[in-house]
S.K.: 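The following block contains the structure, expressed as structure tokens.
Both backbone and side-chain heavy atoms feed into the values below; hydrogens, waters and symmetry mates do not. These numbers come from a predicted model, not from an experiment. Residue numbers begin at 1 in each chain, while the letters A, B, ... track the order of the sequences.
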Amino acid sequence: MRRGACQGVEPYLAARPSRAGAGQALERPHSRRILPRGVRGGGTIDNVSATSRRTHRCGELRVQHVGQRVRLGGWVHRRRDLGGILFVDLRDRAGIVQVAVGPGAPEEVRRVAGGLSGETVVEVEGQVTARPANMKNPELATGDVEVQATRLAVVGPAVTPAIPVARGKGEELPAEELRLKYRHLDLRRPEMQSNLMLRHRLLQRARRTLSDLGFLEIETPVLTKPTPEGARDYLVPSRVHPGEFYALPQSPQIYKQLLMVSGFDRYFQLARCFRDEDLRNDRQPEFTQIDLEASFVGMEDVLGYVEAVLVALWDEAGHKIARPFPRITWREAMERYGTDKPDLRYEFPIADWTAQVKPLAVPFFQSALKDGARVRGLAVKGGGGLSRKDVDQLAEAAKQLGGSGLAWVKRQGEQISGSIGKHFTAETLGQLGVGDGDAALMAVGPDRVTSPVLDRVRQEVIRRLEFKPKAAHAFCWVVDFPLFEPDPETGKPVFAHHPFTSPHPDDVARLDTDPFSCRALHYDAVYNGNELGSGSIRITDPVVQRRVFGHLGMSPEDAEARFAFLLSGLQAGAPPHGGFAVGFDRVVMLLTGAGSLRDVIAFPKTTTARALFEGAPAPASRADLAALHIEVKS
RNA sequence: GGGGCUGUAGCUCAGCUGGUUAGAGUGCCGGUCUGUCACACCGGAGGUCGCGGGUUCGAGCCCCGUCAGCCCCGCCA
């Protein structure tokens with residue numbers, strides 16, 4: 001056990017067995033040999049931390065080190081000068097340890113310690129001592145010990161930091177703009193270090209899991225050709241070929257299919273992907289996917305591989321997840337939850353109340369109840385707890401999503417109230433599952449309107465009434481997605497996913513006659529209402545692939561020009577194959593509890609896609625532009 | 001492209017109905033202090049109220065514009 005890693009600032013490391021034993025053994029003779037005279041190595045426990053300049057990391061020291069002479073390097077987190085005695089909290093990535101400079105310390109040490117300011121980098125040599133019982137600090141993993149400094153040197157003087165690294169309890173974070181501008185300081189904070197250390201471990205665990213399953217890590221180009229995800233491409237001008245451009249990959253989609261054609265059988269990559277679209281809290285223009293593809297597989301196989309990865313990742317973060325994940329069809333998800341990424345932590349489904357409500361002749365519904373429109377609603381247990389203000393805000397949100405609003409009924413004993421309350425009896429409400437103290441929230445219209453409305457209302461009700469989740473971790477697979485969706489403007493069928501997704505074999509015959517009824521061999525992994533990733537079984541028949549391109553409105557010539565390398569690949573003998581891509585940054589965000597992707601990416605972009613730290617993008621020089629055959633309009 | 005929120009000391013924030021000298025905590029600087037751990041105490045410095053224009057006798061506060069950050073829609077798996 002590397003106990004040193006298991007302390008406060010890195011909570012996810014708790015009780016994790018080390019697998020680094022062999023590597024440590026190799027390191028040991030080396031680090032022992034170069035340790036300075038008079039300083040003993042750290043024994044058998046923390047030797048990977050030792051270097052020619054230090055024996056341990058600050059945060060690793062424990063009672064077992066008492067009596068040892070150690071040498072540390074780190075940043076001055078805080079300093080407490082009591083006059084005759086002075087304490088320095090020394091910080092590195094492993095944590096914080098208290099260095100004591102008492103009246104008995106050498107004059108030089110006392111002098112240097114007296115002048116230390118925050119964030120200065122120092123090297124300390126001293127003896128680890130046990131703190132007396134009443135002077136221990138239980139909030140610090142190293143709180144049972146301290147280091148009595150016998151040597152102290154400033155090796156990296158620091159100006160007063162622009163934003164604080166050491167924060168007081170309850171002190172707010174600096175503005176995000178400043179955190180991004182002074183990212184080197186923000187990244188020193190133990191929270192950020194913890195996030196990025198977990199990220200590292202998740203990456204390693206994903207690699208190991210897939211490698212153990214026989215997947216080969218193969219890198220694909222970053223300078224490439226536009227891929228078909230449908231987002232805007234980042235373009236890179238070619239110097240050698242005037243007027244021509246590379247595109248940065250939105251995903252390695254076509255490459256991984258070609259690797260299957262090439263017979264690599266199982267591929268994975270921790271792939272950097274680029275999409276030039278507007279940002280969100282959970283969307284960055286460059287991001288990382290755990291990308292995989294396998295040959296001679298069906299959907300079951302792929303879901304199995306992805307489950308193995310996800311279970312391993314959650315395990316790495318300390319959560320035990322049961323397999324297999326439950327499955328829900330896309331149709332059922334839309335029917336019961338109004339979304340293709342249902343949050344199954346809560347058993348609180350949407351119901352079709354058309355049959356029960358239609359005979360009541362409620363004016364609010366009558367005009368809308370045509371052309372296949374339905375009345376759908378939520379029976380809210382304890383919905384009496386929703387204030388009039390809550391209901392009004394829910395109705396307002398419903399209207400913003402394009403609905404005609406939200407009808408509501410509350411039942412308290414024999415008292416029935418609400419916007420359409422006078423049309424209801426306790427008996428009718430009982431049939432809808434609305435009991436005493438409950439409420440019914442209803443929307444009317446075509447499903448494409450009521451689904452998003454009731455999805456939103458459901459989430460808001462869960463939040464406002466603080467429903468208890470029935471599980472902390474609710475994974476599911478959403479399967480049987482439609483192959484096409486109507487174009488919002490023309491109503492014509494367009495592909496719901498990328499155009500390499502195989503139609504469901506049972507539905508292929510209806511491809512031309514009834515496209516909207518065709519299902520795709522496409523599947524999403526959903527966790528607590530978040531989409532973690534998606535995948536599909538691919539089209540391997542070049543004839544079908546050409547037909548599908550035709551459906552996208554692509555002429556055979558267009559298809560050839562854009563995707564010749566894929567089409568010729570498929571003609572060359574393509575094995576049945578399929579794959580998946582996990583949005584890795586989002587996984588890290590969920591597992592760290594971070595509020596935004598920016599807290600799990602070392603150097604993220606702002607919402608306007610700027611890098612405040614390094615200052616990208618930036619204008620290019622006239623000479624650079626000329627070399628690239630580019631003129632910029634000003 | 002559209003909507004919303006925010007912008008006051010290095011940092012986090014307060015600032016009344018527009019009113020005369022813009023405050024607090026923390027950090028910083030100086031001092032006292034031998035067991036602190038957000039040490040405590042005493043003293044001090046520190047302001048282009050994001051920027052530009054307007055209204056007004058008078059603007060941190062009202063109006064218009066603009067910039068930046070964040071959130072959302074559009075867009076994007």
S.K.: Counting only heavy atoms not in R331(A), do more than 12 sit closer than 6.0 Å to its CZ atom?
M.R.: no

S.K.: Would you mind classifying the nucleic acid contact of R179(A) as base, sugar-phosphate or nothing, using non-hydrogen atoms under 4.0 angstrom?
M.R.: nothing

S.K.: Between C70(B), C11(B), U36(B), which nucleotide gets closest to the side-chain atoms of R131(A)?
M.R.: U36(B)

S.K.: Tell me every residue that passes salt bridge (charged side-chain N to carboxylate O under 4.0 Å, His left out) with R538(A), counting only those two or more places apart in sequence or in another chain.
M.R.: E293(A)

S.K.: Looking at C73(B), I'd like to know if its phosphate oxygens (OP1 or OP2) sit under 4.0 Å from a side-chain N or O belonging to R280(A).
M.R.: yes

S.K.: Considering only nitrogen or oxygen atoms on both sides, find all protein atoms under 3.5 Å from nucleotides 1-7 of chain B and state each distance.
M.R.:
residue : atom : partner : partner atom : Å
G1(B)   : O6   : D278(A) : OD2          : 3.4

S.K.: For C39(B) and R80(A) - does any side-chain N or O of the residue sit under 4.0 Å from the phosphate oxygens OP1/OP2?
M.R.: yes

S.K.: Looking across every strand, which nucleic acid part, if any, lies under 4.0 Å from E172(A) by heavy atom: base, sugar-phosphate, or nothing?
M.R.: sugar-phosphate

S.K.: Do S117(A) and R79(A) get their side chains close enough for a donor-acceptor pair, meaning under 3.5 Å?
M.R.: no

S.K.: Enumerate the ring pair (Phe, Tyr, Trp, His ring centres under 6.0 Å) contacts for residues 165-185 of chain A, please, sequence neighbours excluded, ordered by first and then second residue.
M.R.: H184(A)-F613(A)

S.K.: Could you run down nucleotides 41-47 of chain B 5' to 3' and tag each one B, S or - for protein heavy-atom contact under 4.0 Å?
M.R.: -------

S.K.: L180(A) has an atom CG; how far is it from atom P of C70(B), in whole Å?
M.R.: 6 Å

S.K.: Any N/O pairs under 3.5 Å between the protein and nucleotides 22-28 of chain B? List them or say none.
M.R.:
none

S.K.: Measure from the side-chain heavy atoms of R598(A) and tell me the nearest of C71(B), U12(B), C76(B).
M.R.: C71(B)

S.K.: Tell me which pairs pass salt bridge (Lys or Arg N to Asp or Glu O under 4.0 Å) where either residue lies in residues 577-587 of chain A, with sequence neighbours left out.
M.R.: R199(A)-D585(A), D282(A)-R586(A)

S.K.: Is any side-chain N or O of S534(A) closer than 4.0 Å to OP1 or OP2 of A77(B)?
M.R.: no

